[in-house]
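This report refers to the structure that appears directly beneath it.
As the structure lists them, so they are numbered: ligands from 1, and atoms in each ligand from 1.
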Amino acid sequence: MKVAEFLAKHHFSAGIDAAALLAEFNRQMDAGLEGGATSLAMIPAYVDVSKPVPTDSPIIVLDAGGTNLRVAVLWFDKNGKTRVEGFKKYPMPGTGGEKLGTGEFFEKVADLLAPVCERAPNVGFCFSYPTEITPTLDGRLLRWTKQVEAPGVVGKMVGSGITAALELKTGRHLGVRVLNDTVATLLAGKSAGISRRYSSYVGFILGTGTNIAYIEANDKIKKVKGLDPAHAMVINVESGNFNGAPNSDFDDMLNATTADPGVGLFEKMISGAYIGGVGLAMLQAAASDGLLSKPVAEAVLKIKALSTKDFDDFVANPFVQGGSLDAVPFTDDDRRTVMALGEALFVRAANLSAANISAAVLRSGEGRDPLHPVCVTVDGSAYYKTRSAFFKSRVEQGLREILGPQGLFFETIFVEDAPMIGAAVAGLIA
Ligand code: BGC
């Protein structure tokens, strides 16, 4: 069986129907803003990007991502330059194989905050999980993603939970302002790109998980009553949960092995926590379908887990050593087959990422004037570090192909430590 035939048999296509995907994104985004049935939560961030950022005021920043929890004290000097002190990086509580209770989770975070808690009155908390935000920037965790194990925190207010735990521990009361990492990334792009007159901003993350934020006109956010129709607000789309992309047998196989089957389907197709798992499902199906030599098929069927990094490294260099494919006795023909399969998987991820970003740029309603493009700030290891399939440039090519013919102008930018900078901005302007 040829690779193409194998992929078709398992309903896998690296190419996408961009027009159909964009229409479905748009339909589900509308439904989410109206409070209707949709896979897109469309969470209002209660952040007004037009507010000026105070300078020379310190803010403590907490950045809870998929793998790490970072703590620092930040401020912007008179020239808008970011100053950082006391930066510390810890493993994200609940990702080390231990299952944390509600209290334990908040206590762990308070422990890490305690050493810097005297340094500023407030905390900007970049919390990279689906979280409903209140107008005062507290946040109720809707569900965990990225396989974090702290089930008791679901449904709890994370900002006030941390405030209370810290107060109990140190007697110090801090205001904790919660925002999503895509919202923080969007804000970081705005503060970095102040000299370029962009018409709108998008924040896209492709790391352990994936998601996007953009700016929506308040009169379109029908599910929230009483918003000023003359203003706009950042919306956290929670696009990792999008269910409108066609799934293959390999996606179904990976999904069945996760703690949250049926949830986060888009994220499971494109983000760092999962691509390796989809790749392993693909290789094991290829082994069963006779695409690989017998000894290789036997070895592949014994592999228990494949990280995205190991898979990407192999597809980019099939003679690489040091990953979980080391024990497989590949022939050169097997190597060619695995490369072709992996390439197809990374190409699909790049195409889907381009569709996701395009959907947000289109929703912004801006970018028609080349003088004022839409600023797309991108963050995340999977986007910048994936070597296979010319990943990053393929996403950019996809964006040009989708948005160019529609007469839309955009720019993609990178801001160092965007989630922390954005959390500082949100914490200071709140
Ligand atoms: C979370 C989002 C987050 C994204 C990127 C997803 O798993 O649901 O809230 O923005 O990962 O970190």
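The side-chain contact (heavy atoms from CB on, under 4.5 Å) test with Ile215 singles out one residue from Leu186, Val47, Ile235, Val374, and that residue is Leu186. Checked against Leu187 for a side-chain contact (heavy atoms from CB on, under 4.5 Å), the options Leu179, Thr377, Ile421 give a single hit: Leu179.
By the ring-ring contact (aromatic ring centres under 6.0 Å, His included) test, Phe266 pairs with Phe25, Phe242, sequence neighbours left out. Applying the ring-ring contact (aromatic ring centres under 6.0 Å, His included) test to Trp144 and every residue at least two apart in sequence or in another chain returns Phe105, Phe127, Tyr129.
Listed by first and then second residue, the salt bridge (Lys or Arg N to Asp or Glu O under 4.0 Å) pairs that reach into residues 49-74 are Asp56-Lys78, Asp63-Arg70, sequence neighbours excluded.
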With the criterion set at N/O pairs under 3.5 Å, what does the list of contacts between the protein and ligand 1 look like, atom names and distances included?
residue: ligand 1; atom: 7 (O); partner: Thr145; partner atom: OG1; Å: 2.7
residue: ligand 1; atom: 7 (O); partner: Glu267; partner atom: OE1; Å: 2.8
residue: ligand 1; atom: 7 (O); partner: Glu267; partner atom: OE2; Å: 2.9
residue: ligand 1; atom: 8 (O); partner: Glu238; partner atom: OE1; Å: 2.7
residue: ligand 1; atom: 9 (O); partner: Tyr129; partner atom: N; Å: 3.4
residue: ligand 1; atom: 9 (O); partner: Asn180; partner atom: ND2; Å: 2.8
residue: ligand 1; atom: 9 (O); partner: Glu238; partner atom: OE1; Å: 3.4
residue: ligand 1; atom: 9 (O); partner: Glu238; partner atom: OE2; Å: 2.6
residue: ligand 1; atom: 10 (O); partner: Asn180; partner atom: OD1; Å: 3.0
residue: ligand 1; atom: 10 (O); partner: Asn180; partner atom: ND2; Å: 3.4
residue: ligand 1; atom: 10 (O); partner: Asp181; partner atom: OD1; Å: 2.5
residue: ligand 1; atom: 10 (O); partner: Asn211; partner atom: ND2; Å: 3.0
residue: ligand 1; atom: 11 (O); partner: Lys146; partner atom: NZ; Å: 3.2
residue: ligand 1; atom: 12 (O); partner: Lys146; partner atom: NZ; Å: 2.8
residue: ligand 1; atom: 12 (O); partner: Asp181; partner atom: OD2; Å: 2.5

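For an aromatic pair to be called close, the ring centres must be under 6.0 Å apart, and His10 with Phe250 satisfies this.
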